[in-house]
Amino acid sequence: MKLYDSLTRQLRDFAPGSPPRVTVYGCGPTVYDLAHIGNFRTFVAYDLLHRHLRWRGFEVDFVVNLTDVDDKTIQGAAAAGLPLGEYTEPFAEAFLEDAAALGFLPFASHPRATAYIPEMVRLVEGLERGGHAYRGGDGSIYYGVSSFSGYGRLSGKGGTESEGRSRIDGESLGKRDPRDFALWKLAGPDDEAVGAAWESPWGRGRPGWHLECSAMARSLLGGTVDIHMGGEDLLFPHHENEIAQSEAATGRPLAHFWVHVRHLKVDRRKMSKSEGNFHTVRELVEEGHDPAAVRWALLGAHYRSELNFTRAGLDEAAAALQRLLDFRRRVQELAVAEGAEGELADRSAELLEDFGRAMDDDLNVPRALAALWTLVREGNTRLDQEPTIGPGDRTALLAALAGMDGVLGVVELAAATRESAGAGEARIQRLVEERDRARAARDFALADRIRDELATEGIRLDDTASGTRWRRVRATAGHRPPQDGPKPVE
RNA sequence: GGCGCCGUAGCCAAGUGGUAAGGCAGAGGUCUGCAAAACCUCCAUUCGGCGGUUCGAGUCCGCCCGGCGCCUCCA
């Protein structure tokens, strides 16, 4: 399998340091607010890689951190008049709920930064011993970028002294070099007020943002991780600084592969609260969108390409999902007949391989989807011609579908959502039978009225040779009132 | 200003120098009481523009036009 590595800027063959184990560290959300769909585009990419590696037989240790102490969480807690943990925890829970709603495989762990303060302190101590850290004019401990020769290699930035704000900040904070960044910030009154201060050899304070990931990755996954992931914005300065800290401390590479996910756009623009195009997963679900459709809409483009999120795209995703669900159900319910078979089985295996090859190629989802659609179309064609299927063909076809969906994670998720929305089935069945009687009596006006009525509830009827079937084509019966829970911070 | 990315049909979107995947929408057809679903056929002589390299370029190089990202908290 090949993955694009941002550090070497090339596609490289992926092989873990100690197979079959693969260690992955993905930068997670800062829990000062609800994660938005832009965050989740990145996290869906995490989950795709996670699933694909598992499918390829690797044992994946996937760690995604929760940043629960930084400027924004402290500000948020102070504004809410809450201790830091009480402010951040609902957002951490919400993130995990949304991840589950989108069908994420559970992460090996999702460490909160505040639980790793001792590890961070030890890391700074090590950097201090190695001559990489110093106390700035404001009393905080800074990393001396000039002490690390590899600085700037990942992002191509920071090699020369930058200008503007960082230089001005640098002067006021007493940094030796404007590029230097805080490892340990001395606690101020605001920090103390919300409990964001811990004892350390340098006085009460809190960790710098970059330090958190270095410490958690090292402590949970060891000195070098196989893959380190994040959104493209983290390339600089976050990941550049992580490298500087970790590699100066351990003398070993932080990661064998650096994978960065391109940002999502909404309606062609960068998503932001001020643009009014800020969406959360729960908001879309509350509007009646299927979480599986949201997932589909977030995985459609290659992870290194721009992806534009629109309502139209979400509707298209829902339709695509329905077609897959219909196909799967058709195959499952098909009459099995012994006889000549093998052609469909061979073709299914072939297309599953195409799918796998596409995913092996730096997670080329669009190409993988082409294999999926070909399977659906060719399968339907064959089933239109011959309405029965051999047991081996059926097994192979369903296995190919399940194999692909095991990586994409959408069909099973959509099916589960529909099942959980399945109340009132007896009533629907009664209406369907009433309509069948009307049709038999050629009372098509009544028949059509019943059909239209059910359609408004998200129930679609299909009149087939073997009778009328009904199915739920929406996850929910319509608009659901907002549920209790965290709301986006204004 | 510095670094980088992108521009493929009405829309979404692959394409790793060898002659344009896939999906949606649209047109026609099969099936149907009518639909729906499914299937079949059609739907880019052409890849922002102009030059160049090459036997051959959407793919490489140069310039131009247009869009975007990072450089500051950010997935």
Side-chain angles (χ1 to χ4, degrees), chain A residues 2 6 9 11 26-30 32-33 35-46 64 67 70-72 75 152 155-160 162-166 168-169 209 229-238 240 260-265 268-272 296-297 300-310 312-313 315-317 319-320 322-323 326-327 329-330 354 358 361-362 364-374 376-385 438-440 442-445 447-448 451-452 455 460-465 468-471 473:
Chain A
K2 283 182 160 55
S6 309
R9 295 165 201 245
L11 226 43
C27 288
T30 300
Y32 74 110
D33 195 356
H36 55 248
I37 54 172
N39 296 305
F40 274 102
R41 191 236 170 144
T42 299
F43 303 145
V44 165
Y46 290 6
V64 174
T67 297
D70 79 323
D71 290 349
K72 282 184 298 190
Q75 273 169 26
S155 63
K157 299 185 207 307
T160 57
S162 35
E163 300 171 3
R165 203 166 124 187
S166 69
I168 293 160
D169 281 359
W209 173 42
M229 296 187 82
E232 59 172 338
D233 56 302
L234 299 183
L235 219 39
F236 185 86
H238 186 55
E240 195 69 72
H260 291 94
V261 183
R262 193 85 198 253
H263 274 190
L264 179 79
K265 293 224 196 142
R268 282 269 162 246
R269 292 170 308 176
K270 183 174 176 173
M271 177 166 52
S272 71
W296 182 281
H302 183 91
Y303 76 88
R304 282 190 289 118
S305 306
E306 187 177 297
L307 174 62
N308 187 36
F309 184 91
T310 61
D315 292 341
E316 204 184 291
Q322 191 58 46
R323 190 174 166 202
D326 287 349
F327 177 64
R329 175 159 147 176
R330 183 179 190 188
D354 285 350
D361 184 12
D362 197 31
N364 192 328
V365 171
R367 225 172 74 209
L369 291 181
L372 171 64
W373 289 124
T374 303
V376 171
R377 184 170 33 76
E378 290 186 8
N380 269 321
T381 302
R382 157 67 179 69
L383 267 28
D384 273 1
Q385 287 160 355
R439 289 177 68 220
R442 305 197 67 78
D443 182 356
F444 296 123
D448 290 351
R451 185 169 63 194
D452 292 345
R460 196 185 74 205
L461 300 186
D462 299 317
D463 297 324
T464 72
T468 302
R469 330 215 51 152
W470 67 271
R471 64 190 70 191
V473 295

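Naming: A, B, ... by sequence-line order, numbering from 1 per chain. Just the heavy atoms: all of them, side chains too, but no hydrogens, waters or symmetry mates, feed the values below.
Within the 4.0 angstrom heavy-atom criterion, no nucleotide atom of any strand lies near A:L11. At the heavy-atom level, A:D448 lies under 4.0 Å from base atoms of the strands shown. Across all strands shown, A:R377 has heavy atoms under 4.0 Å from sugar-phosphate atoms exclusively, and none from any base. Counting any heavy atom pair closer than 4.0 Å across all strands shown, A:T30 reaches sugar-phosphate atoms only and no base atom. A:G313 comes within 4.0 angstrom of no nucleic acid atom, judged by non-hydrogen atoms across all strands. Counting any heavy atom pair closer than 4.0 Å across all strands shown, A:G26 reaches no nucleic acid atom. If you check every strand for non-hydrogen atoms under 4.0 Å, A:L461 touches a base. Nucleic acid contact class of A:D71 (heavy atoms, under 4.0 Å, all strands): none.
Summarising the geometry, atom NE2 belonging to A:H36 is positioned 11.5 Å from atom CZ belonging to A:F309; distances are rounded to the nearest 0.5 Å. For the atom pair CZ of A:R439 and CG of A:D448, the computed distance is 9.0 Å after rounding to the nearest 0.5 Å. A distance of 6.5 Å separates CZ in A:F327 from CG in A:L383, rounded to the nearest 0.5 Å.
The interatomic distance linking A:D462 (CG) with B:A37 (P) rounds to 8 Å, in whole Å. In this structure, A:D443 atom CG and B:C34 atom C1' are separated by 13 Å, rounded to whole Å. Note: CG (A:N380) to C1' (B:G23) measures 15 Å, nearest angstrom. Atom CG in A:D233 sits roughly 7 Å away from atom P in B:C74 (whole-Å rounding). Following rounding to the nearest Å, A:F327 (CZ) and B:G23 (P) show an atom-to-atom distance of 13 Å. At whole-Å resolution of the value, CZ in A:R330 and P in B:A38 are 9 Å apart. The interatomic distance linking A:R469 (CZ) with B:A38 (P) rounds to 15 Å, in whole Å. Residue A:H263 contributes atom NE2, which lies 16 Å from atom C1' of B:C6 at whole-angstrom precision.
Both A:I37 and A:R269 sit near RNA chain B, but only A:R269 has its closest nucleotide nearer the 5' end. Sequence order on RNA chain B of the closest nucleotides to A:F444 and A:W209 puts A:F444 first from the 5' end.
The pairing partner recorded for B:A25 is none, the criterion being a Watson-Crick or G-U wobble arrangement whose two distances lie under 3.5 angstrom. The partner of B:U54 is absent, by the rule that a Watson-Crick or G-U pair needs both atom distances under 3.5 Å. Nucleotide B:U19 forms no Watson-Crick or G-U wobble pair with any nucleotide shown, as no partner meets the under 3.5 Å limit on both distances. Pairing for B:U59 is absent, judged as Watson-Crick or G-U wobble with the two contacts each under 3.5 Å. Of all nucleotides present, only B:A38 satisfies the Watson-Crick or G-U wobble test against B:U30, with each distance under 3.5 Å. The partner of B:G66 is B:C6, judged by Watson-Crick or G-U wobble contacts that both fall below 3.5 Å.
Annotation: B:G10 and B:A44 have their C1' atoms spaced 12 Å apart (nearest Å). Across the C1' atoms, B:U32 and B:A37 are found 11 Å apart, a figure rounded to whole Å. A gap of 15 Å separates the P atoms of B:U8 and B:G58, to the nearest Å. Comparing B:G28 with B:C43, their P atoms sit 16 Å apart, to the nearest whole Å. The gap from the C1' atom of B:U41 to that of B:G4 amounts to 45 Å, rounded to the nearest Å. Between B:U59 and B:A20, the two P atoms lie 14 Å apart (nearest whole Å). With both ends at atom C1', the span from B:A35 to B:G48 equals 43 Å, rounded to whole Å. Spacing of P atoms, B:A9 relative to B:A14, comes out at 13 Å, to the nearest Å.
A:H263 pairs by the side chain to side chain donor-acceptor pair (under 3.5 Å) definition with A:D233, not counting sequence neighbours. Taking A:R469 as the reference, A:E333 meet the salt bridge (Lys or Arg N to Asp or Glu O under 4.0 Å) condition, with sequence neighbours excluded.
Looking at the side chain of A:K270, the nearest of the listed nucleotides B:A75, B:C74, B:G22 is B:C74. The side chain of A:W373 lies closest to B:G23 when the candidates are B:A38, B:G23, B:G33. Distance from the side chain of A:D463 is smallest for B:A35 among the nucleotides B:C39, B:A35, B:C68.
Evaluation of atom-type donor-acceptor distances gives a pair under 3.5 Å for the side chain of A:K157 against the base of B:C70. Side-chain N/O atoms of A:R304 and base N/O atoms of B:C6 include no donor-acceptor pair closer than 3.5 Å. You won't find any donor-acceptor pair under 3.5 Å spanning the side chain of A:D384 and the base of B:C31, going by distance alone.
For the pair A:H302/A:D362, a side-chain contact is recorded, criterion being any heavy-atom separation below 4.5 Å from C-beta on.
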Q) Between A:V261 and A:V44, is a side-chain contact (heavy atoms from CB on, under 4.5 Å) present by the stated rule, with each step listed? A) CA-CA 10 Å; A:V261 183; A:V44 165; over 6 Å; no

Q: Please test A:T67 against A:K72 for side-chain contact (heavy atoms from CB on, under 4.5 Å), starting from the C-alpha separation and ending with a verdict.
A: CA-CA 10 Å; A:T67 297; A:K72 282 184 298 190; over 6 Å; no

Q: Take A:D71 and A:Y32 through the test side chain to side chain donor-acceptor pair (under 3.5 Å) and record every step on the way to the result.
A: CA-CA 9 Å; A:D71 290 349; A:Y32 74 110; over 6 Å; no

Q: Could you encode protein contacts along nucleotides 8-14 of chain B as a string, one character per nucleotide from 5' to 3', using B for base contact, S for sugar-phosphate-only contact and - for no contact, with a heavy-atom cut-off of under 4.0 Å?
A: ----SSS

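A side-chain hydrogen bond (donor to acceptor under 3.5 Å, both in side chains) with A:S6 is found for exactly one of A:R304, A:H260, A:E232, namely A:H260.
Between B:C24 and A:R323, a contact under 4.0 Å exists linking OP1 or OP2 to a side-chain N or O.
A salt bridge does not link A:R329 with A:D326: none of the charged nitrogens is closer than 4.0 Å to a carboxylate oxygen.
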